[in-house]
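Since the structure comes first, as structure tokens, the remarks are kept for the end.
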Amino acid sequence: MLVKRVLVAGGGTAGWMAAAALAHKFAGTPLAIMLVESAEIGTVGVGEATIPHIRHFNATLGIDEAEFLAATKGTYKLGIEFADWGRIGDSYIHPFAEFGAPIAGVPFHHQWLAQGGAGAFEDYSLPIQAARRGRFQRPDGAPYNYAYQFDAGLYARFLRGYAEARGVVRREGRIVDVALDGETGFVRAVTLEGGEALEADLFLDCSGFRGLLIEQALHAGYEEWTHWLPCDRAIAIPCANRGPLAPYTRAAAQQSGWIWRIPLQHRTGNGHVYASGFTGDEAALDILLAQLPAEPLAEPNRLRFVTGKRRSQWLGNTVAIGLASGFLEPLESTSIHLIQVAIGRLLDLFPTHDWDPLDAQEFNRLMALDYERVRDFLILHYHCQQRDDSEFWRHCRAMALPDSLAYKLALFRERGVVVQYREGTFLEPSWLAVYLGQHVVPRHPDPRAGGKGMAAALAAMRAQVAAAAEAMPRHEAALGLVA
């Protein structure tokens with residue numbers, strides 16, 4: 001028998017995504033879902049860019065894309081532009097698509113390398129060429145994917161309406177105490193500020209960085225990764241829109257971190273992620289303000305974080321989701337994705353009253369892999385660069401790597417092979433975008449690459465991609481904002 005009562009501690013994106021998914025999955029069953037949040041406690045709410053997996057989440061819930069985009073002031077996203085990462089002056093886009101196509105059984109990047117890099121690598125990517133032109137069109141069978149850029153606060157509000165319409169009960173209140181069972185160590189109840197105790201069988205900790213249940217009550221422990229990812233602070237400021245809405249997110253490297261820019265329908269999200277060990281808070285704010293494309297719409301929102309993850313994200317009858325489970329900086333827009341992954345894992349392993357410990361063990365194993373493989377991909381950006389303009393970049397280039405990343409990097413540098421895993425968010429095209437975008441070139445590409453007529457074939461491929469991109473409608477037209 002499945003558990004009958006679920007209490008979600010905390011709202012925001014994580015809480016309402018979890019509540020909405022549970023309400024959909026268990027529609028027509030006796031499962032009771034309650035979400036407790038306090039309007040007095042703010043949410044981080046600056047994660048506004050996603051990766052394509054969010055489309056599957058919305059589609060599973062039966063959410064109409066046009067309705068979702070209108071409610072969240074969303075835009076389409078074809079990739080992420082990385083400016084000044086490999087070297088100052090560089091610009092490359094990480095798309096959600098393959099580059100080119102295999103030729104004569106040889107991976108495309110090897111054929112491209114054999115021709116001495118005929119054209120830019122991104123010339124063989126339709127979504128990149130569309131993004132560079134400010135254009136967008138749904139794939140409709142074409143070999144590329146897309147994601148969204150949206151207001152995370154509005155998304156949480158949208159999902160709240162969805163969840164409440166399907167029976168989720170919201171309780172307003174601040175949780176001030178957590179009661180544990182003396183025999184099992186499980187959470188028995190949470191107590192609100194007014195003294196009311198709320199009991200449940202399964203608790204989802206969506207309380208943000210503080211980890212009210214998973215850490216403060218259950219002491220899960222935290223595995224810190226700041227020795228690999230030294231950025232530990234961020235400043236976020238929205239500003240007015242100026243110019244066309246770009247169908248991509250921008251991440252521009254700075255002397256001690258990077259600045260994001262995310263265009264939405266009603267504003268542009270901006271933020272500076274930086275390492276406090278290499279620059280001061282006021283200097284970081286000055287850098288961000290100097291690069292705002294238009295007038296600010298709010299006061300700066302300052303965040304402090306410690307990169308890493310809980311040692312156990314499912315402990316007893318409590319599952320941590322979102323920031324309560326860990327934090328990986330938003331460089332590759334994975335925050336909402338990791339929420340989605342945790343929800344999916346929980347639904348796959350949803351507990352019964354027997355509380356088989358293997359459920360939690362498998363959940364923790366899989367989530368650890370997800371976090372570690374996203375971590376490695378983020379480290380790659382910082383480590384594989386040739387910048388020498390600040391101590392921060394020299395530090396990142398010299399740091400020792402996790403064994404898992406060192407192996408992947410060594411194999412690509414030697415033979416141009418991208419190591420593949422069964423579990424993991426980022427596939428071969430993502431790794432190729434960063435490797436080649438940041439000048440990591442294999443010493444010994446595939447010896448089968450090249451041959452007569454290859455240069456002409458690549459030129460024809462580039463022309464075909466450019467023509468297809470030019471034929472797409474403008475991004476604003478695809479959104480229905482202009483005729």
Side-chain angles (χ1 to χ4, degrees), residues 80 82-90 92 94 221-234 251-260 271-281 283-284 287 303-311 326-335 338 368-419 421 424-426 430-443:
I80 307 174
F82 290 92
D84 300 324
W85 279 82
R87 302 168 185 156
I88 294 177
D90 282 353
Y92 71 91
H94 165 201
Y222 198 77
E223 185 176 340
E224 185 177 333
W225 291 336
T226 52
H227 50 294
W228 290 314
L229 294 166
C231 289
D232 59 354
R233 297 189 186 179
Q254 306 297 310
Q255 284 205 328
S256 302
W258 59 279
I259 284 177
W260 78 70
H272 187 184
V273 177
Y274 62 99
S276 62
F278 294 86
T279 191
D281 295 336
I287 289 171
L303 304 170
R304 297 189 178 196
F305 55 85
V306 178
T307 300
K309 67 174 183 65
R310 303 287 173 205
R311 295 191 183 279
F327 184 76
L328 295 173
E329 61 168 87
L331 182 62
E332 282 284 356
S333 308
T334 51
S335 295
L338 289 169
L369 282 175
D370 283 309
Y371 269 78
E372 288 165 8
R373 287 173 179 169
V374 172
R375 174 203 68 190
D376 285 359
F377 191 54
L378 299 183
I379 295 171
L380 177 70
H381 297 65
Y382 285 101
H383 178 72
C384 290
Q385 40 78 25
Q386 299 171 25
R387 293 184 57 141
D388 199 35
D389 56 304
S390 72
E391 185 58 35
F392 172 78
W393 292 108
R394 289 189 287 271
H395 165 81
C396 292
R397 190 163 57 250
M399 65 184 173
L401 300 177
D403 290 344
S404 50
L405 175 58
Y407 173 74
K408 285 181 73 90
L409 186 55
L411 192 58
F412 186 81
R413 278 180 165 153
E414 185 63 26
R415 298 298 305 272
V417 173
V418 178
V419 176
Y421 297 120
T425 299
F426 296 104
S430 298
W431 288 85
L432 287 173
V434 181
Y435 281 145
L436 299 175
Q438 296 190 198
H439 313 288
V440 181
V441 178
R443 285 185 282 268

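Computed from a predicted structure; not experimentally measured.
- No side-chain donor-acceptor contact under 3.5 Å links Tyr407 to the backbone of Val419.
- One distance of note links OG1 of Thr307 with CG of Leu378; it measures 8.5 Å at 0.5 Å rounding.
- The structure places CG of Leu380 at 11.0 Å from OG of Ser430, a figure rounded to the nearest 0.5 Å.
- In terms of modelled atom types and a separation under 3.5 Å, the side chain of His272 and the main chain of Ala284 share a donor-acceptor contact.
- Looking at every heavy atom in both residues, Ile80 comes nearest to Ser333 through CD1-OG, 3.8 Å.
- Between His381 and the choices Phe82, Trp228, Tyr435, Tyr92, the ring pair (Phe, Tyr, Trp, His ring centres under 6.0 Å) rule is met once, by Phe82.
- The SG atom of Cys384 lies 11.0 Å from the NE2 atom of His439; values are rounded to the nearest 0.5 Å.
- Between Trp258 and Tyr274, the distance separating the two ring centers is not shorter than 6.0 angstrom.
- Between Trp431 and Phe426, a ring centre-to-centre spacing not shorter than 6.0 Å is recorded.
- Taking 4.0 Å as the cut-off between side-chain N and carboxylate O, Arg387 and Asp84 do not count as a salt-bridged pair.
- A salt bridge links Asp281 with Arg233: at least one charged nitrogen is closer than 4.0 Å to a carboxylate oxygen.
- Under the 4.5 Å side-chain criterion, counting only non-hydrogen atoms from C-beta, Phe412 is in contact with Leu436.
- Checking side-chain atoms of Gln385 against main-chain N and O of Trp393 turns up a donor-acceptor pair under 3.5 Å.
- The distance from the CG atom of Asp232 to the CZ atom of Phe278 is 10.0 Å, given to the nearest 0.5 Å.
- Comment: Glu372 does not engage Arg375 in a salt bridge, judged by the lack of any side-chain N to carboxylate O separation of less than 4.0 angstrom.
- Listed for the Arg310 side chain is no donor-acceptor partner under 3.5 Å among the backbone atoms of Gly326.
- Atom CZ of Arg397 is surrounded by more than 12 heavy atoms from other residues, nucleotides or ligands within 6.0 Å.
- With rounding to the nearest 0.5 Å, the separation of CD in Glu391 from OG1 in Thr279 is 13.0 Å.
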(request) Could you give me the CA-CA distance, side-chain angles and deciding distance for Thr226 and Glu224, then say whether side chain to side chain donor-acceptor pair (under 3.5 Å) is met? (result) CA-CA 6 Å; Thr226 52; Glu224 185 177 333; 2.5 Å; yes
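- Looking at Tyr222, its side chain does come within 3.5 Å of a backbone N or O of Gly308 through a donor-acceptor pair.
- For the atom pair SG (Cys231) and CG (Leu331), the distance works out to 8.5 Å, reported to the nearest 0.5 Å.
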